[in-house]
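FYI, side chains are in, hydrogens and waters are out, and symmetry mates aren't considered; it's all heavy atoms of this structure. The chains referred to below are lettered A, B, ... by the order of the sequence lines, with proteins before strands, and numbering in each begins at 1.
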There are 2 protein chains.
Amino acid sequence: MDKKKRVTSYDVAKAAGVSQSAVSRVFLKGRSVSKKTREKVLTTANELGYKPNAIARMLITKRSGMVAVILSSRANINYPEVLSLLNKRLAECNERVLLFNLDDSEGLDEILEQIWTFQVDGVIALAAHFDNESIEKFKDHNIPVVLYNRVVLGQTASSVCVNHEQGIFQLVTLLDKQAHKDYLVLAGPTESDVANERLECAIKALSAKGHKDVPILYGDYSYDSGKQAFHQWMKDNKAPTAVVCSNDPMAIGVIDEARRNWGLRVPEDLSVVGFDGVSAVAWHSYQLTTVKQPLELMTKAAVDILLEQIETPDNPAQLRVWSGSLIEGNTVGPANPKT
Amino acid sequence: MDKKKRVTSYDVAKAAGVSQSAVSRVFLKGRSVSKKTREKVLTTANELGYKPNAIARMLITKRSGMVAVILSSRANINYPEVLSLLNKRLAECNERVLLFNLDDSEGLDEILEQIWTFQVDGVIALAAHFDNESIEKFKDHNIPVVLYNRVVLGQTASSVCVNHEQGIFQLVTLLDKQAHKDYLVLAGPTESDVANERLECAIKALSAKGHKDVPILYGDYSYDSGKQAFHQWMKDNKAPTAVVCSNDPMAIGVIDEARRNWGLRVPEDLSVVGFDGVSAVAWHSYQLTTVKQPLELMTKAAVDILLEQIETPDNPAQLRVWSGSLIEGNTVGPANPKT
DNA sequence: AATACTTTTGCATTCGAAGTCATTATTAAG
DNA sequence: CTTAATAATGACTTCGAATGCAAAAGTATT
């Protein structure tokens with residue numbers, strides 16, 4: 001009385017006095033079935049509690065109805081929200097999310113193995129730092145990929161991105177208007193492509209405003225690393241008047257460290273900007289000035305592009321870039337160097 | 001040259017000069033294959049790029065290797081971390097996470113439909129408020145379920161929980177030691193079973209210390225709702241000296257509101273405690289006193305129990321409860337009523 | 001009422017691996 | 001060297017739904 005009691009299309013067919021094909025067709029849209037048999041099948045299916053077996057369907061149709069979503073948990077605090085939005089959007093299109101965590105425990109190779117065997121229809125990769133080699137593998141296996149917030153150089157895979165350059169430029173411009181001279185850049189982990197890009201953009205933007213040779217600190221995107229990096233700097237150097245951080249938690253770490261341990265007021269003595277616009281930024285004592293990513297648009301686009309690639313694999317890869325929107329919080333003020 | 005080029009076990013068999021069964025056995029552990037054929041098969045499989053098709057395997061073995069994880073995004077800020085831990089642990093046991101979001105968009109019924117058709121091996125439900133009826137349905141379909149942080153009355157499904165009663169009792173005891181008299185309880189959404197349980201525990205614990213008829217405010221677990229609830233209260237009433245909140249973000253909302261708009265110092269004028277021990281609590285300006293859930297243990301147990309139920313479905317359901325650990329932050333101080 | 005045309009239907013096959021069982025190769029024991 | 005026991009192998013069937021195709025039923029036209 002265990003698993004074998006599952007009702008199959010044959011059972012329904014027999015009970016309804018029709019063929020298995022008929023049952024199958026009833027549960028598929030756009031197949032020609034007479035109203036009479038449709039009803040007959042539907043009622044007996046209901047009585048028996050029949051539900052089509054998705055596995056069997058996958059095997060014959062070669063569509064699994066599953067999309068692999070690969071994420072590296074630490075990389076970006078937005079990911080829970082992104083994941084939820086992606087899931088919702090995919091569900092609307094009848095695709096399910098099969099989750100993969102690209103962390104220390106499971107290497108990329110293991111994950112790729114799994115992805116091949118599970119015959120997923122497509123892959124959405126959240127800023128996991130794929131080498132181009134891995135992306136090529138997806139091509140070999142005919143599995144469409146959409147990269148989320150990752151810049152491709154070879155442009156073999158589609159991707160959706162926030163415009164880091166534009167966003168960071170806005171932030172730097174804001175700071176520059178306040179006549180800041182002593183900058184500090186707090187970059188993310190060097191293994192992360194996104195982090196590196198943000199760093200470059202910051203340097204470029206500052207440079208464009210005439211601020212060359214701005215010192216660079218490195219963190220790992222976490223709150224603690226922001227605190228620590230700023231602490232290290234302050235031990236041996238004089239305070240900057242503005243810190244450009246590669247994400248929000250680090251920025252908040254800097255603010256806390258500055259306020260608590262170095263007697264710096266934000267924004268009076270020190271201006272700090274972040275990036276991403278995570279929801280915690282709204283928490284009151286911070287009111288961080290940052291750039292918010294349009295997550296809804298980006299996730300929707302990621303799904304749309306992926307489905308398009310699934311339907312018509314020959315379509316060329318595409319890149320869609322969104323501008324982030326500046327959120328003027330309360331962490332930027334006029335330059336006020338402490339001598 | 002599209003999908004049909006997938007290499008099957010037959011292709012490998014032919015190329016290696018053995019039978020399909022042989023190939024199959026090579027990729028299964030514990031089957032008797034001679035070393036010679038194993039190597040032969042393995043090398044040709046490698047050459048051809050053969051990967052076993054998980055879908056076909058699922059169909060015949062009736063094990064999908066997938067576990068459905070159902071979560072409601074808003075309910076608890078811990079969930080991203082829980083999800084990541086569950087995924088990691090399940091991956092170690094060769095199970096994949098198929099994700100379901102129980103939100104406004106997709107109703108429970110749709111999700112259940114999906115779960116039946118996908119033939120998942122089991123389900124982990126994160127505090128989604130299931131009625132007992134739904135749990136019965138899982139029983140009917142022979143799909144083991146483990147509930148995460150949800151109390152079952154009928155006890156037909158296994159569950160892992162943090163001990164709300166004990167945790168909240170610790171917090172209340174801490175406050176009571178500081179001679180607080182004017183309490184406020186900030187409860188979570190009334191639809192949430194967990195929220196209701198936490199509320200009850202708070203009432204009970206306060207009552208045990210001799211504080212009856214403590215006023216109750218309601219929020220929706222979000223930061224904003226905490227702010228707002230406290231704001232509403234303060235408009236018409238005198239300030240309490242202690243607020244017991246049902247989760248951390250609301251507690252932080254209360255703190256911000258109290259500090260910013262009502263000139264209350266925390267912890268000097270107002271003591272606030274939360275619940276959950278989310279990582280953001282470490283952020284410096286807060287240092288919230290709270291109770292932390294042992295997520296690693298709980299997620300590990302959830303997976304272990306689920307797998308056990310999958311292997312031996314006749315085992316009885318079990319309940320495992322963990323004590324949370326008190327985190328003494330800096331938001332609890334001696335009672336200091338403002339007259 | 002006979003013809004042509006469209007819609008329904010069922011049969012048989014397919015997807016790709018795994019399990020059953022009988023057969024053969026290999027090793028161990030006598 | 002024979003017999004008994006074990007290990008390895010392949011032919012065939014199975015899982016459950018989808019689909020091409022041909023036959024059957026239904027509809028429209030004259």
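Of the charged side-chain nitrogens involved, at least one lies within less than 4.0 Å of a carboxylate oxygen, so that R63(A) and E311(A) count as a salt-bridged pair. The existence of a salt bridge linking E136(B) and K139(B) is excluded, since no basic side-chain nitrogen approaches an acidic carboxylate oxygen closer than 4.0 Å. Residues D304(A) and R89(A) are paired through a salt bridge, judged by an N-O separation under 4.0 Å between the basic side chain and the carboxylate.
Closest approach of I310(A) to P144(A), counting heavy atoms only: CG1-CG, 3.9 Å. Shown here for A16(A) and T44(A), the closest heavy-atom pair between the two residues is CB-OG1, 3.5 Å. Pairing each heavy atom of F118(A) with each of I55(B), the nearest pair is O-CD1, 3.9 Å.
Note on S9(A): a side-chain N or O is less than 4.0 Å away from OP1 or OP2 of dA17(D). The side chain of S19(B) places an N or O atom within less than 4.0 Å of a non-bridging phosphate oxygen (OP1 or OP2) of dG10(D). The side chain of Y50(A) contributes no N or O atom lying less than 4.0 Å from OP1 or OP2 of dG16(D). A close approach under 4.0 Å does not occur between any side-chain nitrogen or oxygen of T8(A) and OP1 or OP2 of dG16(D). At the phosphate of dA18(C), OP1 or OP2 sits under 4.0 Å from a side-chain N or O atom of S24(B). Between S32(A) and dT8(C), a side-chain N or O to OP1/OP2 separation shorter than 4.0 Å is present. At the phosphate of dA18(D), neither OP1 nor OP2 sits under 4.0 Å from any side-chain N or O atom of K62(A).
Counting any heavy atom pair closer than 4.0 Å across all strands shown, I55(A) reaches no nucleic acid atom. Backbone-only contact: K51(B) has heavy atoms under 4.0 Å from sugar-phosphate atoms and none from a base. Residue V18(A) is in sugar-phosphate contact alone, with no base atom involved, counting any heavy-atom pair closer than 4.0 Å across all strands shown.
dT7(C) atom P lies 15 Å from atom CZ of R38(A), rounded to whole Å. Here the C1' atom of nucleotide dC15(D) and the CE atom of M58(B) are 13 Å apart, to the nearest Å. For the pair K40(B) NZ and dA8(D) C1', the interatomic distance rounds to 12 Å; values are reported in whole Å. Rounded to whole angstrom, the span from the CZ atom of F27(A) across to the C1' atom of dT19(D) amounts to 17 Å. The distance from atom CG of N53(A) to atom C1' of dC15(D) is 8 Å, rounded to the nearest whole Å. At whole-Å resolution of the value, OH in Y10(B) and P in dC12(D) are 11 Å apart. One interatomic measurement links the two molecules: CG of L59(A) to C1' of dC15(C), which rounds to 4 Å at whole-angstrom precision. Between the CD atom of Q119(A) and the P atom of dC15(C) there is a distance of 14 Å, given to the nearest Å.
Both T37(B) and R57(A) lie close to DNA chain D; mapped to their nearest nucleotides by heavy-atom distance, the more 5′-ward contact belongs to T37(B).
For R31(B) against dG19(C), a side-chain-to-base donor-acceptor contact under 3.5 Å is absent. Residue-to-nucleotide contacts include a donor-acceptor pair under 3.5 Å from the side chain of R25(A) to the base of dG10(C). Contact annotation: side chain of Q20(B) to base of dA11(D), donor-acceptor pair absent below 3.5 Å. For dA11(D), the base has a donor-acceptor partner in the side chain of S21(B) [N/O atoms by modelled type, under 3.5 angstrom].
Taking every side-chain heavy atom of I60(B) into account, dA18(C) is the closest of dT8(C), dG10(D), dA18(C).
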